[in-house]
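Report on the following structure.
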2 protein chains.
Amino acid sequence: MNTPERLIESTRELLWERGYVGTSPKAILERADAGQGSMYHHFKGKPDLALAAIRRTAEEMRATAEGVLDGPGTPYERVEAYLRRERDVLRGCPIGRLTMDPDVIASDELRAPVEETLDWIRGRIAGIVEEGKEQGQFSASLDGAEIAAAVVATVQGGYVLARASGSPAAFDAGVRGLLSLLASRPA
Amino acid sequence: MNTPERLIESTRELLWERGYVGTSPKAILERADAGQGSMYHHFKGKPDLALAAIRRTAEEMRATAEGVLDGPGTPYERVEAYLRRERDVLRGCPIGRLTMDPDVIASDELRAPVEETLDWIRGRIAGIVEEGKEQGQFSASLDGAEIAAAVVATVQGGYVLARASGSPAAFDAGVRGLLSLLASRPA
DNA sequence: GTCTATAAGCGGATAGAC
DNA sequence: GTCTATCCGCTTATAGAC
């Protein structure tokens, strides 16, 4: 792996573990086994490197989500597959965690990939729910976009509960709870 | 307000805005209009002051939640009141955001009030859902603890979605989505 | 209790040699 | 492209005067 590549990968790891504010260029350089000069040669600075890292993580996450949402099965099964997909729960969401980073939120450029990724997933799930409504699997009274927001929020909030308690159990409980609601056919 | 009080309040504000990693003693002192000496006289250091601040915020949050969950109405209405309660959505949850802070999660002492608060709210809602099951308002097939996890996760994740998009709309959508599922009586 | 002084190291970056 | 040197301000304290 070449130097810019190692820098981006190290930054991705550190952003995931410690967030933007908690990640220093020095820590990145150590992990990438690169020198100061290399970093400032390939990138304008910390925000520029972080942007490259965030964009890549966003792209990867979108691909992973699409891989699950595009799978076979009924609309319910595809949403279920998204919710139950294997996750490193205690590490949290590498994209969602950035929303708690004041410097990321303060920068339109850094926030953009975060917003786009979460918006895209919500839109994708909303479409699947609408499909399910047409097929009669979901009640016509449901709103696709609202259900999608609840689904994605349950995942993002599940990470919060899991990290608070130091165990993935709460994440799994939330997912099961939401699925039990989604599965009950309305009268 | 006396000095220790001002220090705690300033720390609470900064932890909410910038998290633990993003909050420096210097910033606290400036906001509290206190000197270095005062802070180290009243507190052992940053972690000690942060602990006092987190404990107070946790206590306050629990009281606020209890105020809503203890209110009048059916179980559904009380859960709805919790979900719809007025919130400064774009500021995020002052307790939940701490779970994304590496130094908070790394410290059992700092994490404890976070865990206890979220656990307590989940337990409280779980009880209300079980009440609703007894009264036939909720399906007997639902699990109180799982629904509670989904409810709290939707709130916590709603903050993430809202902050990502820079608008409270996604938070509200998630809440409405969950409520629509909760309201549909199963066949 | 509060103030000022002092300190070792980090954060984020620039400059110029190689 | 990468390295070392250098920079200034911040971080997180400690020490001791008042």
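Labels below follow one simple rule: chain letters A, B, ... track the order of the sequence lines, proteins then strands, and each chain is numbered from 1.
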Handout entry: Residue pair B:Ser167 / B:Ser165, side-chain donor-acceptor N/O under 3.5 Å
Key = no
Problem - Cation-aromatic face contact A:Arg87/A:Tyr82, 6.0 Å, 45 degrees - result: yes
Practice task
Using a cut-off of strictly less than 4.0 Å between a heavy atom of the residue and any atom of DNA chain C, enumerate the qualifying residues of residues 39-56 of chain B by number.
Solution key: B:His41, B:His42
Exercise for the section: Walk along DNA chain D from 5' to 3' and tell me the first and last nucleotide with an atom closer than 4.0 Å to a non-hydrogen atom of chain B. Expected result: D:dC10 to D:dT14
Problem - Donor-acceptor under 3.5 Å (B:Arg97 side chain, A:Met100 main chain) - result: yes
Exercise for the section: Given salt bridge (charged side-chain N to carboxylate O under 4.0 Å, His left out), test A:Glu130 with A:Lys133 step by step and report yes or no. Expected result: CA-CA 5 Å; A:Glu130 293 296 337; A:Lys133 282 167 63 179; 3.2 Å; yes
Problem - Sidechain-backbone polar pair: B:Arg18 side chain, B:Thr23 backbone, donor-acceptor under 3.5 Å - result: no
Problem - B:Arg56 atom CZ, over 12 foreign heavy atoms within 6.0 Å - result: yes
Practice task
Check whether any side-chain N or O of A:Asp101 sits under 3.5 Å from a backbone N or O of A:Val104 as a donor-acceptor pair, and report yes or no.
Solution key: no
Problem - A:Glu109, CD: over 12 other non-hydrogen atoms inside 6.0 angstrom - result: no
Completion exercise
Rounded to whole Å, CG of A:Leu14 lies from P of C:dC10 at a distance of 16 Å
Fill in the blank from the handout: Looking only at heavy atoms, the pair that brings A:Leu15 and A:Ala53 closest together is CD1-CB, 4.1 Å
Exercise for the section: Can you sort out which residues in residues 22-29 of chain A have a heavy atom within less than 4.0 Å of DNA chain C? Ascending by number, please. Expected result: A:Thr23, A:Ser24, A:Pro25, A:Lys26
Exercise for the section: Inspect the surroundings of CD in A:Glu66 and state if more than 12 heavy atoms from other residues, nucleotides or ligands are less than 6.0 Å away. Expected result: yes
